[in-house]
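This is a predicted model, so every value here is computed, not measured. Order of the sequence lines sets the chain letters (A, B, ...), proteins ahead of strands, with each chain counted from 1. Only this structure's heavy atoms are used, side chains among them; waters, hydrogens and symmetry mates stay out.
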Number of protein chains: 2
Amino acid sequence: MVVDQLRETELDRLFQAFADSTRRDIVRRVTVGEFSVSGLAALYAMSFAAVQKHVAVLERASLVTKEKRGRAQIVRGNHEGLQKARRLLDEYEHIWRQRAARMADILAEG
Amino acid sequence: MVVDQLRETELDRLFQAFADSTRRDIVRRVTVGEFSVSGLAALYAMSFAAVQKHVAVLERASLVTKEKRGRAQIVRGNHEGLQKARRLLDEYEHIWRQRAARMADILAEG
DNA sequence: CTGATCTACAACCATTTGGTTGTACGATAG
DNA sequence: CTATCGTACAACCAAATGGTTGTAGATCAG
């Protein structure tokens, strides 16, 4: 087997990254505007270190990039990861529609 | 806050369910055809109980339904969960495009 | 009835996850 | 120079995850 191990673990990370409401919120915010890590941390009822970890998870999943600016680390949304996740769900949707079409054919035949 | 706690935990479960390659494979298979739990278990190099747990995770996420048929439990794909996940990613994509449009406007002004 | 099959579920285990506090260090402001 | 800010990272902890084995209840075949 080993279908495409790289892509599989990549998708694992992507969906894992989406599987937390704080991280989904971070993705939304940094897509619209720029935030430093501490700027983000100020928004949530958890420690700076916790938010730092969430950002790291998003970065590993290619949903976010960091760029150093002075002493701050600016977090920005990264379209790449989002597109990959979307592409997979589109693919599933396609499979689903093919199935629906087949079922319609069977009904038409009968 | 408490934005929409129900929906948030629902999304947590959905994306968590997608964050495992075995589960993604199960979703694909049961969308195309019908499988009993043991029928699925035969496909993977892990115990029946492990596959059973994966199916339970998918069921909790509304990505799959089970229906008893004789002594077998038939697993089928459920469009509902897939649509919800897709809708969220579409929403994010929309936010992204709005941002891109705004940036284009700014460039046009300048 | 008996045995095989399919499922459910509990108990256990190692690893990961999501959080904490504490320490250290570079960059900036005064 | 010194104090503060923003960050990084280690160590720790409780809970969840992904796997295992074992036991037990239904259902079906012979």
DNA chain C nearest-nucleotide lookup for Met46(A) and Lys66(B): closer to the 5′ end is Lys66(B)
Leu58(A) atom CG is separated from dG18(C) atom P, nearest whole Å, by 11 Å
State, with a plain yes or no, whether a side-chain heavy atom of Val55(B) is found less than 4.5 Å away from one of Gln73(B). no
Checklist line | Distance below 4.0 Å between Thr22(A) side-chain N/O and dG18(C) OP1 or OP2 | finding: no
Students often get this wrong, so: under 4.0 angstrom with heavy atoms, is Ser36(A) touching a base, only sugar-phosphate, or nothing? sugar-phosphate
Taken to the nearest whole Å, CZ/Phe15(A) to C1'/dT17(D) is 18 Å
Exercise for review: Look at the side chain of Arg69(B) and the backbone N and O of Ser36(B), then say whether any donor-acceptor pair between them is shorter than 3.5 Å.
Suggested key: no
To the nearest angstrom, the CZ-C1' distance between Arg60(A) and dG18(C) comes to 15 Å
Which part of the nucleic acid, if any, lies within reach of Ser38(A) when heavy atoms closer than 4.0 Å are counted: base, sugar-phosphate only, or nothing? sugar-phosphate
When rounded to whole Å, the CZ to C1' distance for the pair Phe48(B) and dG22(D) reads 14 Å
From the candidates dC9(D), dG19(C), dT21(D), the one with an atom nearest any side-chain atom of Lys53(A) is dG19(C)
- Output yes when at least one side-chain N/O atom of Gln52(B) is less than 4.0 Å from OP1 or OP2 of dA8(C), else no. yes
Test salt bridge (Lys or Arg N to Asp or Glu O under 4.0 Å), reference Lys84(A), set Glu8(A), Glu10(A), Glu91(A), output is Glu10(A)
Comparing Gln16(A) with Val37(A), nearest DNA chain D nucleotide closer to 5' gives the residue Val37(A)
Asp25(B) CG to dG18(D) P, in whole Å, measures 15 Å
Taken to the nearest whole Å, CG/Asp20(A) to C1'/dA15(D) is 14 Å
Against the side chain of Ala72(B), the closest entry in dG19(C), dC6(C), dA8(C) is dC6(C)
Between Arg23(A) and Arg69(A), whichever has its closest DNA chain C nucleotide further toward 5' is Arg23(A)
Q) Under 4.5 Å between any side-chain heavy atoms of Asp25(B) and Arg29(B), yes or no? A) yes
Gln73(A) atom CD is separated from dG26(C) atom P, nearest whole Å, by 15 Å
Taking dA29(C), dA8(D), dT5(C) as options, the one with an atom nearest any side-chain atom of Arg71(B) is dT5(C)
Next on the checklist: Base, sugar-phosphate or nothing for Ala41(A)? Non-hydrogen atoms, less than 4.0 Å.
Outcome noted: nothing
Taking dT20(C), dT7(C), dG18(C) as options, the one with an atom nearest any side-chain atom of His54(A) is dG18(C)
Q. Can you check whether Ser47(B) has a side-chain N or O nearer than 4.0 Å to OP1 or OP2 of dG19(D)?
A. no
Heavy atoms of Leu40(B) and Ile26(B) approach each other most closely as CD1-CG2, 3.9 Å
Whole-Å distance, Ile74(B) CD1 to dT7(C) C1', equals 12 Å
query = Do Thr22(B) and Met46(B) touch side chain to side chain, with heavy atoms closer than 4.5 Å?
reply = yes
